[in-house]
2 protein chains.
Amino acid sequence: MSEAAIQTYTRADEAFDCLQTAIVKGDLAPGEKIGEVELCSRFNLTRGPLREALGRLESRGLLVRRPHAGVKVVSVSAEELMELYRIRETMEGLAARQAAERMTDEEIADLQATLDTHERMIEQAQGQAYYQAEGDYDFHHRIATGSRNAKLAQMLLGDLYYMVRMYRYRLSTSSGRPHMALGEHRRIAEAIAQRDGELAEFLMKRHINAARRNI
Amino acid sequence: MSEAAIQTYTRADEAFDCLQTAIVKGDLAPGEKIGEVELCSRFNLTRGPLREALGRLESRGLLVRRPHAGVKVVSVSAEELMELYRIRETMEGLAARQAAERMTDEEIADLQATLDTHERMIEQAQGQAYYQAEGDYDFHHRIATGSRNAKLAQMLLGDLYYMVRMYRYRLSTSSGRPHMALGEHRRIAEAIAQRDGELAEFLMKRHINAARRNI
DNA sequence: GCTCTATGGATTGTTGACAATACCTTCATT
DNA sequence: AATGAAGGTATTGTCAACAATCCATAGAGC
């Protein structure tokens, strides 16, 4: 049987996804005060599911909501992005360490194979930052899930990454340095393959620290 | 003027708080499938605000919701609590380091004064774990906010602490060891007062690690 | 006797209308 | 002229009814 992607998709989920991508991509300016009815007409929704989605978004810190006053997208600053990277540094360090201890051999092989395809992509589209960003996301995604720590993965994948992507869109901070990042990814994967959790943690922290300084 | 505690409190907020405390305190059993109408009659609400609150709770990982099938409280295990403590260890370590660098002298004085009152409370109610738990919460709360890292504080205070408290209620894991914890708190505060971020981080990590092993 | 299917009931998801609150405009007063 | 207050309007918060989906039970077929 197929994996049943027909997992019933409620309107509220749809609203949540639409809003989230709209916020992350910058279609909704920060500080912009938007009415609910306008959002409804914009995404073909009714206010019930929309409000549910707004609650979820607020809980995740992507927008703020004052009672009877409306909702507005969170404003961003470079300092806050820095703080976000500090959090990522420690949390992904932990994820890398646990991944080194817990990923299956098959997963590790997949991880390294993924890096090969990333390398080919970078070679093909020379300097195209887009593939690099996707590949970067993919790499960190696999390690987060590989940590076998449900809450950690949820925090990284569900909260932090969206925030980081939003900030990067807003501040137009392209990740740049594709080759260097790939090399660092390689070394991290190598450490994981050797089941050296301490080294994997150290390398991951340094990797994210370097990315932060690159901003 | 007073700080305006009359901050308008919407029904959805009320529902959110009620549900959250009910889940944390264990009034709603884990795995229990509860109907929306039952919840409404239980907390004197209507389904609109309730659904909004349910969305927020789901987003925070306190309950799971399958479309058209109902909601149920998350089931818990000792392993997951361990994982939670691992996350706390790294994140609160970071918080302690940043707090050492950023708290004002006044905040540090307040922090140490708080520890004095904790000590008196422990002496008075000998062995009473309740005050210790409250004091513990208070201490970590101050450090999280003192880190001047909004997202970090949000993650710790808004997500992790509720989860930890829920698990502790479920597994009836009283924190125990009040005197030892107080001493560790004292040393952490001392390191912060000396602006020694590295030491504060190290001590905090060890403190939480000890608490984890105590389970 | 066991399994698969179909129908009924109950619960969730959604919708539109109603009520309450905050913001903005206008007017009066200093 | 500037500031304050008061009212109107628009927007948000809330409610109750409608529609869609799933689970359980009962029945038939193998």
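In what follows, chains are A, B, ... by sequence order, proteins preceding strands, each numbered from 1.
Between Arg11(B) atom CZ and dA20(C) atom P there is a gap of 11 Å when expressed in whole angstrom units. Rounded to a whole Å, the CD atom of Glu36(B) is 6 Å from the P atom of dG13(C). Arg66(A) has its CZ atom 9 Å from the C1' atom of dA22(C), to the nearest Å. At whole-Å resolution of the value, CD1 in Ile34(B) and P in dT11(C) are 14 Å apart. As a whole-Å value, the separation of Leu39(B) CG from dG13(C) P is 13 Å. One can place NZ of Lys33(B) at 13 Å from P of dC22(D), the figure rounded to the nearest angstrom. Computed from coordinates, the Glu38(A) CD to dA10(D) P distance equals 15 Å when rounded to whole Å.
Ala53(A) approaches Ala15(A) most closely through the heavy-atom pair CB-CB, 3.7 Å.
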inquiry  = Using side-chain contact (heavy atoms from CB on, under 4.5 Å), reason through Ile188(B) and Phe139(B) one step at a time and then give a plain yes or no.
reply    = CA-CA 10 Å; Ile188(B) 293 169; Phe139(B) 179 77; 4.1 Å; yes

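A donor-acceptor pair shorter than 3.5 Å can be found between the side chains of His185(B) and His207(B). A side-chain donor-acceptor contact under 3.5 Å links Ser59(A) and Arg60(B).
Remark: side-chain polar atoms of Arg56(A) are not paired, donor with acceptor, to backbone N or O of Gly55(B) under 3.5 angstrom. For Ser77(A) (side chain) and Glu80(A) (main-chain N/O), a donor-acceptor pair under 3.5 Å exists by modelled atom type.
Listed in residue order, the members of residues 40-63 of chain B having a heavy atom less than 4.0 Å from DNA chain C are Arg47(B), Arg51(B).
Which of dC23(C), dC22(D), dA22(C) sits closest to the side chain of His68(A) comes down to dA22(C).
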